[in-house]
Amino acid sequence: MFKKGQSATAYLFLAPFLITTLVFFFYAFGRAIYYSFTDFNLFNTPHLIGLKPYVDVLGDSLFRRALANTLVFAVIVTTLQTILSLLMAVALNNKIKGMGFFRSAWYMPSITSSVVITLIFLWLFQRRGVANYVITQLQMYQPYILTVMGVLIVVQIVQVLFERSRQMPAGWFDPALAAVSALIAVAVTVVLAFMGILQARDVPPFDFQYFADVWLSIGGVQVLSIPLLVIIIQNTFTTIPTLMLFFLAGLQNIPGTLYEAADIDGATPFEKLMNVTVPMLRPVTFYVITVGLIGTMQMFDQVAVIGAAAPQSTLITLAYYVYINTFKAGTAPVNMAAAGAIILALIILVMVFIQRRFFPSEASV
Amino acid sequence: MTAVPSQRFINAGKNEQWLARRRWARAGWLYLFMIVMSFFFLGPFLMGLLSSLKDNPNEYPPRLIIPQITGQYISKAYSLGVQGGSDGWNGGLKPGRSVAFDVTVASPKDAPQTAPSIILFPYQPTSLVALARQAQAKDYTQLKTEPTGQIGDERSYHVTVTYPLLTRHTGDVISAKLGVPGSDLTAILPGGQTVDVTLDTPEAQAKQYDLNETQLVELVRSGEASNAKYYLRGPVFERTPLEVDVQRGQRIVSSTLPPSDKQNFDRSFAYRNITPGVLGYTFNNYRRAFTETTDPRTGSSLFLRWVLNTFLYAFLRVTAAIVFCSLAGYALARLSFPGKNLIFLLGVLFVQMVPSQVNLVSNYVLLKQLGLLNLWGLWFNGLVAAGGVFLMKQFFEGMPRELEESASIDGAGPFTTFWRVMLPQAGPALIALSITQFQGAWNDFFWPLVLLRNQINFVLTVGLSNFRSAYGGQGDYGLILAGAVLSAIPVIIVFVIFQRYFVDTGADSAVKG
């Protein structure tokens, strides 16, 4: 193969990539490190002042809030999206008609921009918005819902016990019996409603204000704000479809014989999930968690779009902290912004390193 | 599991039908689950889409059946548009036309029996940028209300809005836009020619100082082409807002179009536009997204500009990715040279782990010094995506070596081999690369927000987040939702066409990688 002059050709091929990466990444990275030890404020000539910016940043209560918010957000979202996308993928992996449609439909949240979805969620979660309306409706029709569920459970138990008395291997979640139970439950509820025994409750509109300074606290420590919770829901909603596809690809590589063997052993669907699917998906899960952590630690778009619509401390993340400190009116504490960015980068790199070191797997990014 | 399940299994084996029933039921539950989840994933978008058509997307309780998508009202909006502006799609109110609108008010016995007071009211859009005050239909029209009959306690009224001409001259009618105000009124004709406007009636002269720049007007041209005179026929109104105030106890039973909103404890009903046309009725918020974001200096639509900027940016990103990512990917996959592993580890993998906020200050300062705080700077900043290089490297590594070997036997150099042999084989990977880059560019928010400092240069994501701060405070979500839907359409179209690639690429690289 080409040996003579191959290095030159290779560097020529790589030139645009190398030059832009050097200028816009490595040079920038170096400068950020440099600025984080100076008194730079965008307008002056930077002078080295040692570790002071880091001390300032760590002493800044807004930074500590941003750090806490970012970590809470990253851990909750990564956990939720990994588990839920795995379950979604398992559902999609069934060989039934119309799966192509569902796969495309479910993918919708992942193709639109975070700005669009954040705006839609802001609107949904207004004080008199659709989310509160749905909650009001659920409260109103709570008697109906409880009746349906209660009757369904009772009928299901009765049916399963009856089937078992006939020596049939009916499980508690037997689908055929559950279908019958559901029909009976709905019929009973309709009859009761028709007779006037069941009535919708008269409840005042649920008026919760989501983008207010409200916190969930543990032992007096503010852990999670409600606005951040809404963003957690939104972000999980957006990322599930992408991650679901990773899992789906992984699932399709699991040999079917494993499931057949499990079937012969009489494993329930849940046992198959825990004992076959989850272990076989370890490499993909590792990848999904890595991608998830890197992505969620950098959460920025949603906070910037919501901006002043929610109190700053409830939503601020490290990425947004860096942004607002860089563009603060007047003399911006750019050195503190740079120090914050370096800390953020270090946290992410340490997370990735720990994962690689202690949870080795054959998959790499 | 112990002996119990196998015991059950034997029993079930006797009864094939019993098992078949379970399979059917299981499929049924699965479909139900899939449908419920589809509502969950699509619901917010569909709800947003539907509500972007509403006059008031914040209405409570939110309705699912709205007049804007009801055939009856769409056809009425069309005919009102024809009456007012001789255009059933765009509507509006033009000089010399009149519009008829019917309102029926119920007055129960204990309520006052007086007629409602019906007036036109001004509409001044709140906007991202200061707009010149536009002329209002209420200052130029006459409104007549006459009772047309009574059934029970319901009385009907016929409202006629008449817009008399401001000139007595006749001739060709020309649409024009008013120019910079001076001692005389001037207008810019569709051809770009600026002409003086003559006001020949006292009614027209009374309005001389009320009319501002960029106001759309109709002129009458009379005389020879060389020394033609232009007479003001009247301004053209995009909308005709009507307000109906009823007495306590009275209510509106029906009207040609349903009222847009109610105020003052259901005594004041506003019809935002009684000459809407179909676009002005069903797609009012979409039209507003374009028309109410005009740049006062140029009169052109900022939103349209953002759409074009976004397309340009996406195009530039895709082009750069196709050329540079495949070159770099090929070099990393197939050529041997010192520092290859280092470049891959640092330039491709490490780069993807470090948050962009680290490079924020330096890149901002650098591009500012270069005077590149615009689309081009944004493009250079992300010229060669590390993710794209990774994708192409993976792809070229998967291709058979025989192709290159035969090419090298034919005496082809590395560049020829890449250009003639490898790249033509890379179709699927290039499509995948283009799609991810297009989507990435279209949805990019952080860097555009940092680097684009002028409204003219914005891309859609940054513009939309500006919508949030400009309109969100007042709760004008109609415009925000319409903008959001519009900005999502191109990616959705790309997705629908190239579904297969969306659904395959990322997943493959995860598993193979």
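In what follows, every heavy atom counts, from backbone to side chain, and hydrogens, waters and symmetry copies are set aside. Below, chain A is the first sequence line, B the second, and so on; all start at residue 1.
Interface check for chain B: of the options V23(A), I348(A), T242(A), the most heavy-atom pairs under 4.5 Å are formed by I348(A). Chain A forms the most heavy-atom pairs under 4.5 Å with one residue out of K340(B), M47(B), R21(B), E59(B), and that residue is M47(B). If you tally non-hydrogen atom pairs under 4.5 Å between each of Y35(A), Y34(A), F29(A), F237(A) and chain B, the highest count goes to F237(A). In terms of non-hydrogen atom pairs under 4.5 Å with chain B, the most contact-rich of T112(A), I240(A), L293(A), L346(A) is T112(A). Counting heavy-atom pairs closer than 4.5 Å to chain A, the top-ranked of the candidates S52(B), A328(B), S465(B) is A328(B). The residue among S51(B), A386(B), C325(B) with the most heavy atom pairs within less than 4.5 Å of chain A is S51(B). Counting heavy-atom pairs closer than 4.5 Å to chain A, the top-ranked of the candidates A385(B), G48(B), P57(B), A320(B) is P57(B). The candidate from A105(A), P109(A), A345(A) with the greatest count of non-hydrogen atom pairs under 4.5 Å with chain B is P109(A). Residue with the most contacts toward chain A among Y364(B), F445(B), F418(B): F445(B) (heavy-atom pairs, distance under 4.5 Å).
Taking the ring centroids of F324(B) and F17(A), they lie at or beyond the 6.0 Å cut-off. Ring to ring, Y107(A) and F495(B) are close: their centroids are under 6.0 angstrom apart.
Two residues are said to be in side-chain contact when any heavy atoms from C-beta on lie closer than 4.5 Å; I492(B) and M108(A) meet this criterion. Contact check for T326(A) versus Q357(B): no side-chain heavy atoms found under the 4.5 Å cut-off. Y11(A) is listed as a side-chain neighbour of I343(B), based on a closest heavy-atom distance under 4.5 Å. Looking only at side-chain heavy atoms (C-beta outward), F337(B) and L14(A) come within less than 4.5 Å of each other. For the pair M353(B)/L349(A), a side-chain contact is recorded, criterion being any heavy-atom separation below 4.5 Å from C-beta on. At least one side-chain heavy atom of L42(A) sits under 4.5 Å from a side-chain heavy atom of V365(B). The closest side-chain heavy-atom distance from M297(A) to P355(B) is not below 4.5 Å. The closest side-chain heavy-atom distance from F25(A) to L346(B) is not below 4.5 Å.
Looking only at distances, a side-chain donor or acceptor of R31(A) sits under 3.5 Å from a matching main-chain atom of S362(B). The closest donor-acceptor contact from the side chain of N443(B) to the backbone of I111(A) lies under 3.5 Å.
In terms of heavy-atom proximity, I120(A) sits nearest to P44(B) at CG2-O, 3.6 Å. When all heavy atoms of S336(B) and S7(A) are compared, the pair lying nearest together is O-OG, 4.1 Å. Summarising the geometry of A10(A) relative to L335(B), their closest heavy-atom pair is CA-CD1, 3.6 Å, with the distance given to 0.1 Å.
Only the side chain of L360(B) has a heavy atom closer than 4.5 Å to any heavy atom of chain A. In this structure, the portions of D301(A) lying under 4.5 Å from any heavy atom of chain B include both its backbone and its side chain. Only the side chain of T20(A) comes within less than 4.5 Å of a heavy atom in chain B; its backbone stays farther off. For chain B, no part of Q137(A) is nearby; none of its heavy atoms comes within less than 4.5 Å. In this structure, chain B has a heavy atom under 4.5 Å from the side chain of T136(A), while its backbone stays farther away. For Y323(A), the parts sitting under 4.5 Å from any heavy atom of chain B are the backbone and the side chain alike. Within the 4.5 angstrom heavy-atom criterion, no atom of M244(A) approaches chain B. Looking at L122(A), the atoms closer than 4.5 Å to chain B (heavy atoms on both sides) sit in the backbone and in the side chain alike. P241(A) touches chain B through its side chain: at least one heavy atom from C-beta onward sits under 4.5 Å away, while N, CA, C and O do not. Using a 4.5 Å cut-off between heavy atoms, F247(A) makes no contact with chain B at all. Proximity to chain A involves both the backbone and the side chain of T461(B), based on heavy atoms less than 4.5 angstrom apart. For V496(B), no part lies under 4.5 angstrom from a heavy atom of chain A. With a threshold of 4.5 angstrom between heavy atoms, A182(A) approaches chain B through side-chain atoms but not through N, CA, C or O.
Here S326(B) contributes atom OG and F13(A) contributes atom CZ; the two are 9.5 Å apart, rounded to the nearest 0.5 Å. The CD atom of Q352(B) sits 12.0 Å away from the OG1 atom of T290(A) when rounded to the nearest 0.5 Å. The line from CZ of F24(A) to CG of N359(B) is 10.0 Å long, rounded to the nearest 0.5 Å. Distance check: W18(B) CH2 to R166(A) CZ gives 8.5 Å after rounding to the nearest 0.5 Å. Of the inter-residue distances, the one linking L119(A) atom CG with R468(B) atom CZ reads 8.5 Å to the nearest 0.5 angstrom. Expressed to the nearest 0.5 Å, how far CG of N58(B) lies from CD of Q126(A) amounts to 4.0 Å.
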Please list, one pair per line, the donor and acceptor atoms closer than 3.5 Å that link side chains of residues 23-37 of chain B to other protein atoms, with sequence neighbours excluded.
unit_1, atom_1, unit_2, atom_2, d
W29(B), NE1, P175(A), O, 2.9
Y31(B), OH, K97(A), N, 3.3
Y31(B), OH, K97(A), O, 2.6

Result block: side-chain N/O donor-acceptor pairs under 3.5 angstrom for residues 477-491 of chain B, not counting sequence neighbours:
unit_1, atom_1, unit_2, atom_2, d
S487(B), OG, A484(B), O, 3.1

Step-by-step side chain to side chain contact (heavy atoms under 4.5 Å, CB included) determination, R127(A) to Y60(B) = CA-CA 10 Å; R127(A) 201 160 149 262; Y60(B) 191 92; over 6 Å; no
I would like to know whether V351(B) and T21(A) meet side chain to side chain contact (heavy atoms under 4.5 Å, CB included); could you show each step before the answer?
-> CA-CA 8 Å; V351(B) 162; T21(A) 309; 3.9 Å; yes
Checking side chain to side chain contact (heavy atoms under 4.5 Å, CB included) for the pair V358(B)/L344(A): CA distance, chi angles, key distance, verdict?
-> CA-CA 8 Å; V358(B) 171; L344(A) 171 61; over 6 Å; no
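Using modelled atom types and a 3.5 Å distance limit, the side chains of W106(A) and S38(B) yield a donor-acceptor pair.
R453(B) forms a cation-pi arrangement with F327(A), by the criterion of a distance under 6.0 Å to the ring centre and an angle within 45° of the ring axis.
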